[in-house]
Amino acid sequence: MKYRNRVLGLLSLLIVITYLDRVCISVAGPRIQDSLHIGPVAWGWVSGIFTFAYAAFEIPSGILGDRIGPRRVLTRIVLWWSAFTSITGLATGYFSLLVTRLLFGVGEAGAFPNTSIVVARWFPAPERGRAFGIILAAAQMGGAISPLLVVPIQIRYGWRASFYLFGILGVVWAAIWYTWFRDSPREKRGVPQAELDESPTPVAHAHRSLPWAHALSSGNFWAVMITAFSYIYTYNFFQTWFHTYLVKARGFSEKDLLLSSLPFVLAACANLAGGLASHLLVPRIGLKWGRCALGALGLAVAAACTIAVMFTHSPTVALALLSLTYGAITLQQPIMFAVCLDIGGFYAGAMVGAMNMAAQLGGFLGSVVFGYLVARTGSYNVGFLPMAALLLLGTWLWFRIDPTVPLTPATAPIGLAASLTAQAD
């Protein structure tokens with residue numbers, strides 16, 4: 001097995017644990033709200049404050065990874081979030097839970113930017129779409145596993161026990177990662193020369209900061225930022241409000257929440273399908289449309305299903321439509337990460353950090369606005385209106401993104417390489 005595939009295995013395990021921890025609070029949400037007497041608006045802030053802190057530290061954590069390497073940064077991130085996963089179980093009220101989630105978000109920020117740095121340094125351009133498809137599918141498997149573990153644990157031992165248990169998993173991963181992984185294939189003993197020859201070539205300025213003045217003047221950059229904001233506004237619903245919605249709006253029992261694994265299973269398949277589809281389409285229709293057509297298709301289908309949810313009275317049909325919404329969003333998700341590497345080039349951490357910052361700001365706004373809309377109107381359906389509008393905006397913006405155009409001349413080598421190797425992608 002190639003060393004980079006072993007790296008991919010470790011990254012996938014990391015993302016499983018990330019989403020296991022992240023979705024845990026959504027699954028436990030109905031119990032936590034009842035136990036700590038938290039209403040819709042307050043729960044929106046509990047959900048949103050994590051996302052806000054996560055967004056605020058995405059770029060700094062991505063830049064740090066570009067400078068000192070993802071080995072040390074990911075180790076710190078995982079140890080931090082493991083600690084605050086366990087501390088979540090100690091919350092005694094709204095304020096303590098809010099502070100814990102704030103610090104949780106601060107520490108977890110940078111996981112995806114630094115994962116992207118690893119992909120940029122270990123994987124040749126033709127394999128990156130597929131690598132992101134596998135990594136993001138692993139995220140959804142973490143989300144799918146979470147209800148299957150959390151529901152039985154909290155029924156037997158209470159909601160706090162699941163947080164104590166899940167905190168241990170990250171510590172084990174961090175120990176393995178720091179011991180075995182190295183920041184580039186050339187630093188890892190035992191990597192065959194043939195694999196080194198396939199790996200990206202390191203460059204002298206790879207550890208410098210992204211030229212932000214050039215990036216901020218790029219229409220490509222802003223199209224990526226706003227698209228990410230648009231779809232994560234809805235995507236974050238599944239990590240924050242989804243299980244509460246099923247219980248309080250659709251009448252699901254706690255045991256019925258085992259069915260809430262369905263969107264995450266479908267999303268895992270969609271992540272893999274999106275990465276593979278791009279892998280097959282790029283050599284046939286070019287880098288731009290091999291990426292962007294899939295992006296637009298995914299968000300258009302998601303918008304249609306979101307609108308349909310508001311008109312169904314059947315809990316089962318609502319679950320099926322929401323599953324399709326989430327699956328369609330995740331179909332285009334690996335494409336977004338691949339585009340960030342296409343146009344960001346050597347500055348993978350900073351570019352993905354910026355994209356994920358914009359995305360998480362959308363997630364923060366979505367969490368808080370949903371709570372306010374439910375509290376003010378008494379209807380969970382109203383919360384889907386801004387979701388549908390933003391998904392349609394994201395659909396249009398995918399046609400404004402051009403992965404063949406690098407952000408700056410300094411990023412051209414990798415962006416150009418992606419274009420030149422498109423026939424192999």
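Between Trp177 and Phe181, the gap from one ring centroid to the other is short of 6.0 Å. Annotation: Phe84 is not in aromatic contact with Phe50 [ring centroid separation under 6.0 Å not met]. Taking the six-membered ring for Trp and the full ring otherwise, Tyr326 and Phe264 have centroids separated by under 6.0 Å.
For the pair Tyr245 (side chain) and Tyr380 (backbone), a donor-acceptor distance under 3.5 Å is absent. The backbone N or O of Gly274 lies less than 3.5 Å from no partner atom in the side chain of Ser278, so there is not a single donor-acceptor pair. Between the Gln332 side chain and the Ile329 main chain, a donor and an acceptor come within less than 3.5 Å of each other. Arg284 places a side-chain N or O within donor-acceptor distance of the main-chain N or O of Leu280, the cut-off being under 3.5 Å. Side chain of Lys2 to backbone of Val191: no donor-acceptor contact under 3.5 angstrom is found. Checking side-chain atoms of Ser162 against main-chain N and O of Trp159 turns up a donor-acceptor pair under 3.5 Å. Formation of a donor-acceptor pair under 3.5 Å by the Ser61 side chain with backbone atoms of Glu58 is not found in this model.
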Applying side chain to side chain contact (heavy atoms under 4.5 Å, CB included), run through Phe123 and Leu8 and close with a yes or a no.
-> CA-CA 9 Å; Phe123 287 81; Leu8 183 60; 3.8 Å; yes
Step-by-step side chain to side chain donor-acceptor pair (under 3.5 Å) determination, Gln333 to Tyr231 = CA-CA 9 Å; Gln333 195 181 16; Tyr231 78 76; 4.8 Å; no
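With sequence neighbours excluded, the residues satisfying salt bridge (charged side-chain N to carboxylate O under 4.0 Å, His left out) with Arg31 are Glu254. Residues satisfying the ring-ring contact (aromatic ring centres under 6.0 Å, His included) criterion with Phe52, sequence neighbours excluded, are Phe364.
Two residues are said to be in side-chain contact when any heavy atoms from C-beta on lie closer than 4.5 Å; Ile153 and Tyr164 fail this criterion. The shortest distance between side-chain heavy atoms of Pro147 and His243 falls below 4.5 Å. Leu319 is listed as a side-chain neighbour of Phe252, based on a closest heavy-atom distance under 4.5 Å.
Other residues, nucleotides and ligands contribute at most 12 non-hydrogen atoms within 6.0 Å of the CZ atom of Arg72. Surrounding OH of Tyr178 are at most 12 heavy atoms belonging to other residues, nucleotides or ligands under 6.0 Å away.
Taken to the nearest 0.5 Å, the CG atom of Leu365 stands 12.5 Å off from the CD atom of Gln360. Distance CG/Leu287 to OG1/Thr404: 6.5 Å, rounded to 0.5 Å. Note: Leu390 CG to Thr227 OG1 = 11.0 Å, rounded to the nearest 0.5 Å.
A cation-pi arrangement is found for Lys188 relative to Trp180, the charged atom lying closer than 6.0 Å to the ring centre and inside a 45° cone about the ring normal.
Judged by distance alone, the side chains of Arg121 and Ser184 never bring a donor and an acceptor atom under 3.5 Å apart. When only modelled atom types and interatomic distance are considered, Asn236 and Ser367 share a side-chain donor-acceptor pair under 3.5 Å. Side-chain N/O atoms of Thr244 and Gln33 include a donor and acceptor closer than 3.5 Å.
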Validation: residues 99-112 side-chain donor-acceptor distances under 3.5 Å, sequence neighbours left out:
residue, atom, partner, partner atom, Å
Thr100, OG1, Ser96, O, 2.8
Glu108, OE2, Arg22, NE, 3.3
Glu108, OE2, Arg22, NH2, 2.6

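Partner Thr75 forms a side-chain contact (heavy atoms from CB on, under 4.5 Å) with one of Leu79, Val78, Val73, Ile77 and no other, that one being Leu79.
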